[in-house]
Each structure stands twice: as C-alpha cells, then as structure tokens.
Chemist: 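Sending over a structure as structure tokens; questions will come in a sec.
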Amino acid sequence: MSKVQLKNRYDEHIGEITYFLDITEMEQLTKRIHQSEKLALMGEMAAKAAHEIRNPLAVIHGFLAFMNENLAENERKQYHIPLLLKEIDRINAIVEDMLLIAKPSAPMLKETYMETIVQDLLFLLQHICETKKNRCSRSSGSGSVMDRSETNDASVIQFAS
C-alpha cells in the first residue's frame, strides 16, 4: 500500500491518493517455485539413494543366486532363498522406478515410413479444419499439395497426397 497527499495548485491539502497492490498471485507463485525447487531436490536425493541402494542389492542378489544354484533343495527351502530372491527383485523394481522418475529417459527413436507420418498429420489437420467449420477433403495423387481458397462464408482446404 502506498499513500500520497493530494494538493491543489496553492499547495493546500485536498485529499489523499491511496494505491493498493495485490501481491497474492506473486506470493502464490513464489511458494510454487519454492515447492518445485524442493521437489527437484527430493528427486536428486531419490536418484542418489537409489544408486546407493542398487549397488549392495546387486551383490546380495548375486550371492543369493549363487547359493540358489549350489545348495541342495532342502537347504534352499531352509534358508528361504527363492523368497529372498523374489523380494530382492521387488526392491530392485522399486529402485528402478525411482531412477526412472528422477531422470527422464532419452527419446526412443524408431524407423518409420514418411508416408505414415504425413497421413497421420493430414488426418489431424482435417480434424482441426472441421472443428473450425472449414470444409476439408483429402485425395490421393502425385506429389503433395495443400490448396486453400476462401468462399463467402467458410474456408475450403483441400489436401492431396
């Protein structure tokens, strides 16, 4: 809040101007930024913890797998080796999920035909045109052409591929 005295040309006090500034949105935005920073820090900590858990877990899993292969059936049951291996796999899956959340994966590239992409794009464009009340049509031919002509009350867009 800011307050200023209002004076006339004779320097006589005739009123006040009070200026209010609503900072509610700014405070909410500041809180959201602070919360985002805390979440980012928690993500980093989760990734570090997951890496630290994963290494000894791999060693334990290795020894249990070795025991599972080399112990007799009754000894495996006595020490609950299959159950332990199953639970370690479950913990490992949780750790993997933590790592996936903390670190975005690289995009997966795959080979595809350009024609498929163009056909999908034309389908989307046709849908957009129709939602904007434009008349659209697609036809097959040589080359790719998009022709747009204006009529009195609507646009007409024609796609040829």
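Predicted, not measured: the structure shown is a model, and the values here were computed from it.
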Chemist: What donor-acceptor contacts under 3.5 angstrom involve side-chain atoms of residues 78-86, with partners at least two apart or in another chain?
Modeler:
none

Chemist: Sequence neighbours left out, what passes side chain to side chain donor-acceptor pair (under 3.5 Å) with Asp97? Give chain and number order.
Modeler: none
Chemist: So which atom in Arg76 and which in Leu71 form the shortest heavy-atom distance, rounded to 0.1 Å?
Modeler: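 Minimum heavy-atom contact is NE-O, 3.2 Å.
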Chemist: Should we say atom NE2 of His13 is surrounded by more than 12 heavy atoms from elsewhere, each under 6.0 Å from it?
Modeler: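 Correct, the count exceeds 12.
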Chemist: Applying side chain to side chain donor-acceptor pair (under 3.5 Å), name anything that partners Arg32, two or more places apart in sequence or on another chain.
Modeler: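 Applying side chain to side chain donor-acceptor pair (under 3.5 Å) to Arg32 gives none.
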Chemist: Kindly write out the residues that satisfy side chain to side chain donor-acceptor pair (under 3.5 Å) with Asn70, not counting sequence neighbours, or none if the list is empty.
Modeler: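 For Asn70 there are no side chain to side chain donor-acceptor pair (under 3.5 Å) partners, ignoring immediate neighbours.
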Chemist: CD1/Ile14 to NZ/Lys7 distance, rounded to the nearest 0.5 angstrom?
Modeler: 10.5 Å
Chemist: Calculate, to the nearest 0.5 Å, the distance between atoms CG and CD belonging to Asn68 and Glu73 respectively.
Modeler: 8.5 Å
Chemist: For residues 19-27, tabulate all N or O donor-acceptor pairs below 3.5 Å that involve a side-chain atom, not counting sequence neighbours.
Modeler:
{"unit_1": "Asp22", "atom_1": "OD1", "unit_2": "Thr24", "atom_2": "N", "d": "3.0"}
{"unit_1": "Asp22", "atom_1": "OD1", "unit_2": "Thr24", "atom_2": "OG1", "d": "2.5"}

Chemist: Enter the distance from Asp120:CG to Thr116:OG1 here, rounded to the nearest 0.5 Å.
Modeler: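 Atom-to-atom, Asp120:CG and Thr116:OG1 are 7.0 Å apart.
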Chemist: Could you list the donor-acceptor pairs under 3.5 angstrom formed between side-chain atoms of residues 41-63 and any protein atom two or more places apart in sequence or on another chain?
Modeler:
{"unit_1": "Arg54", "atom_1": "NE", "unit_2": "Glu96", "atom_2": "OE2", "d": "3.2"}
{"unit_1": "Arg54", "atom_1": "NH2", "unit_2": "Glu96", "atom_2": "OE1", "d": "3.4"}
{"unit_1": "Arg54", "atom_1": "NH2", "unit_2": "Glu96", "atom_2": "OE2", "d": "2.6"}
{"unit_1": "His61", "atom_1": "NE2", "unit_2": "Asp89", "atom_2": "OD1", "d": "3.1"}

